[in-house]
Amino acid sequence: MRYFVTTAIAYTNGDPHIGHAYEIILGDVIGRYHRTFNGNAFFLTGVDQHGQKVQQAAQKIGVAPYDFVRGLTDKFLALWNKLEIQKDGWAATTDPRHKRAVQKVLQELYDRGQLFKQRYSGYYSVRQEQFLTDKERNEQGEFGPEWGEVIFFEEENWYFPLAKHKEWLRNFVETHPHFVIPEFRRQELLNAIDRLSGDLCVSRPKERLSWGIEFPFDPDYVTFVWFDALLNYLTFAGYLAEPGSGLPDFGELWPCRGHIIGKDIMVPAHGIYWPIMLHAMQFSDVQMPRLVVHGWWNVEGHKMSKSLGNVIDPDTLADAYGPEALRYYLMRDVVTGHDADFSEERLVLRYNTDLANDLGNLINRTINMSQRYRKGVLAQRNSPVAGFAEHTSRALANYRDRFEQYMVNEAIEAAWDLVSRANALVEQSAPWHMAKDPGQKDQLDAVLYTLAETCRILALLVSPILPSAAERILSQLKASDFRGTAWGELPDGHVLGLPTPIFPRIEQINDY
RNA sequence: GCCAGGGUAGCUCAGUGGUAGAGCAGGGGACUCAUAAGCCCUUGGUCGGGAGUUCAACUCUCCCCCCUGGCACCA
């Protein structure tokens, strides 16, 4: 089995913002963690390219829908590349392999009587792409401006029955407390399940929406939103894939260990539609995925929104401060699941304090002292300073435990406990004094070895979050071939490289 | 109106029946290997308000106020 983790697929009707970047970095970090510490992972992310909004936006500027989404898709890909995202799969919903698998799923559901056709007439919001009921009317009995253009029409569509799976779903969520991380979202989901009624409309007639996946048994229709988008988690994991497709072995990946999503799409899409779809497709309870629901990034206390003009552009930030400062800040300054407040000042503070001052300087002074007092040669492999091997294994255990729960910020804190101990060790032992006293030769060797070995392990601990910095650290320690997490991998007589600041301080907040 | 979560040091938060904690910010000190980084010490709080249970309440019970999220309803 491989640890399978996904993000939601980004809708290609606008530029990526900090929320997209946060989510994909979290997925990347989780994937890298499992690759390094548990041997394997499969990280899937992608783009949601179909739908009415895309069709309309493309029409407006006079290009074909495919060309329109390709442009935005390239933009996302370029940014993910800049942010050092290491993805194992790329879920672009216009991929023919996805289309074929979605059609197979639809056909199967149809064959088993899980889809039915029904005529419906009523008011419809063009902007929100949904039928309106009296619930949506405002005080004046009208449909407010938030719905945009509202039209009345009658239409026949395909429906997926939700309500008949309600009891199963409620029971499933009640008996599987870990279905949703963090725990506090569960009650919200249970409340939503209690209110569940009706069926999900899963089609649109082609005359109205052609930019989608055709129904195999009714070619006048295409699939609508969630049936297309949610199924990416299966189709790009190799579900119903044809031989030679280049997709992974589904049996090795499923069930997904974490669908990383924003709190806005837990209910109803991922918490209700998705498990019911899987259940209807005859996935058993143990084959259900887990949801990891994160909060939103606010900006100085306000919601980020286009109308407020406070949308944070991760591309600009990465250019201004570097991808590592951004990755570190987004992972360190938020409690997984809760909202966070974005501040450029905090980003710079976190970088300078944690990375430049604490960790970077520790590595720099460690290597520098070794060079100065021992020409970079390590000795005393078997006698670390008292307690350090234990501190390291405790920090590692803590770090791993926190990572398994997606609490990346707490995992980072566990690693920094080690950083503080190492910096304190330098002060307490004062190698610059030891170096002047030949009688303390062995003690000095022990301190220098302990510090170097701690730095090596720290490089491994930060590697999921700061992959290229970790390589720079290992390279300076000449330890690129020593990647075990156990204490004492650096051999007696090992020679360190020369020190160069790993994280140069950011001296001022950029203007742009 | 209902459900959930929260109101603890200037800021972000941890704590759950027994003399208030961390990080950051602020103040002081010793040191010098280092990216003027790091280390040590330290000033801050009537723990939202009120009542109750208890030998003892930040921690339990009740009432109230405020904030956040979700849901509902109506002129």
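Quick note on labels: first sequence line is chain A, next is B, and so on, each numbered from 1.
With rounding to whole Å, A:D354 atom CG is found 10 Å from B:rA25 atom P. Separating the CZ atom of A:R421 from the P atom of B:rG38 is a distance of 18 Å, rounded to the nearest angstrom. Residue A:L451 contributes atom CG, which lies 16 Å from atom P of B:rG38 at whole-angstrom precision. Counting to the nearest Å, the P atom of B:rU12 and the CZ atom of A:R332 are 15 Å from each other. Summarising the geometry, the separation between CZ on A:R350 and P on B:rC11 is reported as 17 Å, rounded to the nearest angstrom. The nearest whole Å value for the distance from the CG atom in A:L355 to the P atom in B:rG38 is 12 Å. Distance CZ (A:R185) to P (B:rC71): 11 Å, rounded to an integer number of Å. The separation between A:E410 atom CD and B:rC13 atom P is 14 Å, rounded to whole Å.
B:rC60 and B:rG18: their C1' atoms are spaced 14 Å apart (whole Å). Only the P atoms considered, B:rC11 is 15 Å distant from B:rG26, to the nearest whole Å. Comparing B:rC71 with B:rU16, their C1' atoms sit 30 Å apart, to the nearest whole Å. Taking atom C1' on both nucleotides, B:rU43 is separated from B:rA37 by 24 Å, rounded to a whole Å. To the nearest whole angstrom, the two P atoms, one in B:rA75 and one in B:rG6, are 36 Å apart. Going from the C1' atom of B:rG15 to that of B:rG23 covers 15 Å, rounded to whole Å. One C1' atom belongs to B:rU19, the other to B:rG45, and the distance between them is 15 Å to the nearest Å. With P as the reference atom, B:rG28 and B:rG21 are 25 Å apart, rounded to whole Å.
Side chains of A:N409 and A:R402: a donor-acceptor N/O pair is absent below 3.5 angstrom, by distance only. Using modelled atom types, one finds no donor on one side chain facing an acceptor on the other under 3.5 Å when comparing A:Q443 with A:D437.
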Acceptor/donor pairs from residues 424-435 of chain A side chains to any protein atom, 3.5 angstrom cut, sequence neighbours excluded:
| unit_1 | atom_1 | unit_2 | atom_2 | d |
| --- | --- | --- | --- | --- |
| A:E427 | OE2 | A:R365 | NH2 | 2.8 |
| A:S429 | OG | A:L425 | O | 2.7 |

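Taking syn as a glycosidic angle within 90° of 0, B:rG45 does not qualify and is anti.
Classified by interplanar angle (parallel below 30°, tilted 30° to 60°, perpendicular above 60°), the ring pair A:F403/A:Y33 is parallel.
Counting non-hydrogen atoms under 4.0 angstrom, A:L362 reaches nothing in the nucleic acid. Contact annotation for A:D358: backbone-only contact, meaning every heavy-atom pair under 4.0 Å involves sugar-phosphate atoms and none involves a base.
Scanning for side chain to side chain contact (heavy atoms under 4.5 Å, CB included) contacts around A:H279 gives A:H165, A:W168, A:M288, with sequence neighbours left out. By the side chain to side chain contact (heavy atoms under 4.5 Å, CB included) test, A:N81 pairs with no residue at all, sequence neighbours left out.
Using a 4.5 Å heavy-atom threshold, the side chains of A:R456 and A:I473 count as separate.
Note on residues 364-389 of chain A: pairs passing ring-ring contact (aromatic ring centres under 6.0 Å, His included), not counting sequence neighbours, are A:F388-A:H391.
In this structure a side-chain-to-backbone donor-acceptor pair under 3.5 Å is missing from A:E489 to A:I457.
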Would A:R472 and A:E324 count as a salt bridge (charged side-chain N to carboxylate O under 4.0 Å, His left out) here? Give the steps.
CA-CA 12 Å; A:R472 293 202 301 278; A:E324 300 196 308; 2.9 Å; yes
Per-nt protein contacts along nucleotides 26-34 of chain B (heavy atom under 4.0 Å; B base, S backbone sugar-phosphate only, - none) come out as -----SSBB
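Of the two residues contacting RNA chain B, namely A:A424 and A:W296, the nearest-nucleotide position lying further toward the 5' end is that of A:A424.
A stem is defined here as three or more consecutive Watson-Crick or G-U pairs, each with both distances under 3.5 Å; for RNA chain B these stems are B:1-7 with B:65-71, B:10-13 with B:21-24, B:26-29 with B:39-42, B:48-52 with B:60-64.
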